[in-house]
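Following: one structure in structure tokens, then a few remarks.
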Protein chains: 2
Amino acid sequence: MAARPRIKDVAEYAGVSPKTVSNVINNFEHVSERTRAAVQEAIDALGYRVNIAGRQLRQGRTGMITLAVPELDVAYFAELAKHVMDEAAARGRTVLLHSTEAVRERELAALHGFDAQFSDGVILSPLALNPRDLATRDRRLPVVLLGERPAGGSTDHVGIDNVRAAREATEHLLSRGRRRIAVVGGAVRGRQGTDRLRTDGYREALGAAGVPFDADLVIPVGAYHWRDGARAAASLVERGLGPDALLCLNDHLALGALRALHEHGRSVPGDLDVVGFDDIEASRFSVPSLTTVAPDKREIARAAVSLLLERIDAPDGAALRDHVAGHRIIVRESTGG
Amino acid sequence: MAARPRIKDVAEYAGVSPKTVSNVINNFEHVSERTRAAVQEAIDALGYRVNIAGRQLRQGRTGMITLAVPELDVAYFAELAKHVMDEAAARGRTVLLHSTEAVRERELAALHGFDAQFSDGVILSPLALNPRDLATRDRRLPVVLLGERPAGGSTDHVGIDNVRAAREATEHLLSRGRRRIAVVGGAVRGRQGTDRLRTDGYREALGAAGVPFDADLVIPVGAYHWRDGARAAASLVERGLGPDALLCLNDHLALGALRALHEHGRSVPGDLDVVGFDDIEASRFSVPSLTTVAPDKREIARAAVSLLLERIDAPDGAALRDHVAGHRIIVRESTGG
DNA sequence: ATGAAAGCGCTAACAA
DNA sequence: TTGTTAGCGCTTTCAT
């Protein structure tokens, strides 16, 4: 097979100049129908496809955007990634997917590092970055933040209303008569991360219902995996803290908790209620199925891609934006649904 | 902030020629320590990083490899992707991750399309490709196949011994006295895909034990998700086929089946045993926890990256290779463990 | 509406 | 050991 054809080959085949071929490829408007057809025929005949390296070198764009998430094997991020890829594809972009493992250096690398070079912009779901990391980032690379938003707000952002979502989930538990509601993965103080915001919402709901807040029921976790949820639930039971419900800050934690409660002979929703966040597919099939706060992943993906593409097209354009995506509570067996 | 520095800027700063800077960047050996140090200092001072488009245009390499899997939200592939990224990083490569949704056109795009251009080679887990697609692929792009291997074998391949793995899993069920073992996701005829190979292994085990094969117990599924497993298990029970065990061809199917059996009042492992494939994290925390065939994902990732990098470095090098990675059966509660 | 020329940043080939 | 030249494929600028 011959070497890959270049624009020059197409031009010669079609009897036009390279520039004209370029005009056709890039849908430049001032091209006669005749010429366009001739060039297209040459392209098809030779099997020509643009060399992106050449194009990028010249115009400084790749047509790719990076999506950097903390962990691909957290189902929420895998599902979100699928939506982002769909949305990007619909808009003619390709997604370069990265897993940062929630390590600050790797989150920084998404913003500054090697990988960012392939990319016209980055959608980043940060966990470890601090405000200064963002303040000192290279402004030439457009960035949209997902979920967590380190204070300082120098970057476009997409997320749900975490305070309200947690408040509603807690209200649901309260409405079922639960009073000793533990927060698995919660945080009472510290930066305004997702964990903190959701815990704040939880406290708001307790306060409004006149239920006293018990700091012992806020259980920090190392990560948001099954094993961490299982460990937290086991510890709650073994320490005799007498919880009658678990508000788990993601579904993996909740599913792990279900397992631990089962091992400890507690029935859900008989003895305790359990609620999660994210609405991953597993939660529809667990035993019992899991009540959860379902963020609108499609809306999140769509907003993130839109904001990013706008930034790419107009780097100094609009003011900072913060898109608040919708969410709803899906009641399933784990709270009597 | 100034424009991104180029090699020329570094060269001027260090008082050398651009070529010398290039030599340093690429660890060319014939560079004096003095010069190397001076250049490095200039690089650090200016914050220089190579422009990959320029490099790719010149030498035709990007340092990136593509991993294309059918579905990222199938946990097995997310976990595998993590291993591949780790392995690639350890070898100085970046991974471009793609989800093909098991659509033939998208699998082809991984081999031929736009995306492949950024990439020095592709690790592809195909589901929809046919042998001709591979036979007619562009040989300039090195490819390693994972899991499925369309017949014809013109491509390096990494997988487990599916026949043996399924036989061993079936033997495990037989040893527990099970005789009416259904295969969820199985295939009796057709191309030698993973489903067919595993069903063959199942039949081998039945044959060796003198248990008659019943084609009604082979249940095809549309996809390998919870919902498909749930549907298949429900249908088995409702049709009164009287299975006493389910060999599910991945863990998602098995976990979905557990849910359906629970809904139908069947106890696992009391009334039926259930076995899966993949050993995803969810299977350690389901109720009951799931017995499963665990492929050595790390070995698969390592072998795939190694084979691919060797091909990239020596496109016309070694003969075709087929790496058979290890697996083991992990016995958990769903078969009395 | 189309073409000619120049150059994006880098490194291969060759020269010194 | 280091420097010079040329050109990878594309698109921008300017000319026609």
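Below, read A as the first sequence line, B as the second, and so on, with proteins coming before strands; counting in each chain starts at 1. Because the structure is predicted, anything quoted here is derived from the model rather than measured.
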Pairs meeting criterion ring pair (Phe, Tyr, Trp, His ring centres under 6.0 Å) with involvement of residues 30-71 of chain A, two or more places apart: A/Phe28-A/His30
Interatomic distance where CD1 belongs to A/Ile7 and P belongs to C/dT2 [whole Å]: 15 Å
For atom CZ of B/Arg6 and atom C1' of C/dC10, their distance in whole Å: 12 Å
What pairs of residues pass the salt bridge (charged side-chain N to carboxylate O under 4.0 Å, His left out) test when at least one of them lies in residues 87-96 of chain A, not counting sequence neighbours? A/Glu87-A/Arg302
Pairing residues for B/Leu141 by the side-chain contact (heavy atoms from CB on, under 4.5 Å) criterion, not counting sequence neighbours: B/Ala116, B/Val122
Could you run down the sub-3.5 Å N/O contacts of the protein with nucleotides 4-7 of chain C?
| from | atom 1 | to | atom 2 | distance (Å) |
| --- | --- | --- | --- | --- |
| C/dG7 | N2 | A/Arg58 | NH1 | 3.0 |
| C/dG7 | N3 | A/Arg58 | NH1 | 3.1 |

Comparing nearest nucleotides in DNA chain D, the 5'-proximal residue of the pair B/Gly15, A/Asn51 is B/Gly15
Whole angstroms only, please: what is the CZ-P distance between A/Arg61 and C/dC8? 19 Å
Of all nucleotides in DNA chain D that come within under 4.0 Å of a heavy atom of chain B, which is furthest toward the 5' end and which toward the 3' end? D/dT1 to D/dG9
Any side-chain heavy atom of B/Leu97 sitting closer than 4.5 Å to one from B/Leu72? yes
I'd like to check the side-chain contact (heavy atoms from CB on, under 4.5 Å) partners of A/Ala102; sequence neighbours left out, ordered by chain and number. A/Pro70, A/Leu127
With each end axis built from five pairs of C1' atoms, what bend angle do you get for the helix from C/dA1-D/dT16 to C/dA16-D/dT1? Round to 10°. 30°
Distance test, side-chain N/O of B/Asn26 to OP1/OP2 of C/dT11, below 4.0 Å: yes
How far does OG of B/Ser119 sit from CG of B/Leu67, to the nearest 0.5 angstrom? 10.0 Å
Distance check needed: C/dC8 P versus B/Asp9 CG, whole Å only. 11 Å
Output every pair passing side-chain hydrogen bond (donor to acceptor under 3.5 Å, both in side chains) with a member in residues 121-132 of chain A, not counting sequence neighbours, ordered by first then second residue. A/Asn130-A/Asp133
Quiz question: by atom type and distance under 3.5 Å, do the side chains of B/His157 and B/Asp322 form a donor-acceptor pair? yes
B/Ala303: which residues meet the side-chain contact (heavy atoms from CB on, under 4.5 Å) condition with it, sequence neighbours left out? B/Val158, B/His323
Whole Å only: how far is the CD atom of A/Gln59 from the P atom of C/dG9? 14 Å
With sequence neighbours left out, what residues match A/Ser99 under side chain to side chain donor-acceptor pair (under 3.5 Å)? A/Glu101
To the nearest angstrom, how far is A/Lys8 atom NZ from C/dG3 atom P? 15 Å
So which pairs with a foot in residues 56-69 of chain A pass salt bridge (charged side-chain N to carboxylate O under 4.0 Å, His left out), sequence neighbours left out? A/Arg61-A/Asp313
Going by number, which of residues 30-37 of chain A have a non-hydrogen atom under 4.0 Å from DNA chain C? A/His30, A/Val31, A/Ser32, A/Thr35
Of all the heavy-atom pairs spanning A/Ala68 and A/Thr100, show the shortest one and how long it is. CB-CG2, 4.0 Å
Surrounding CD of B/Glu41 (heavy atoms of other residues, nucleotides or ligands, distance under 6.0 Å), is the total greater than 12? no
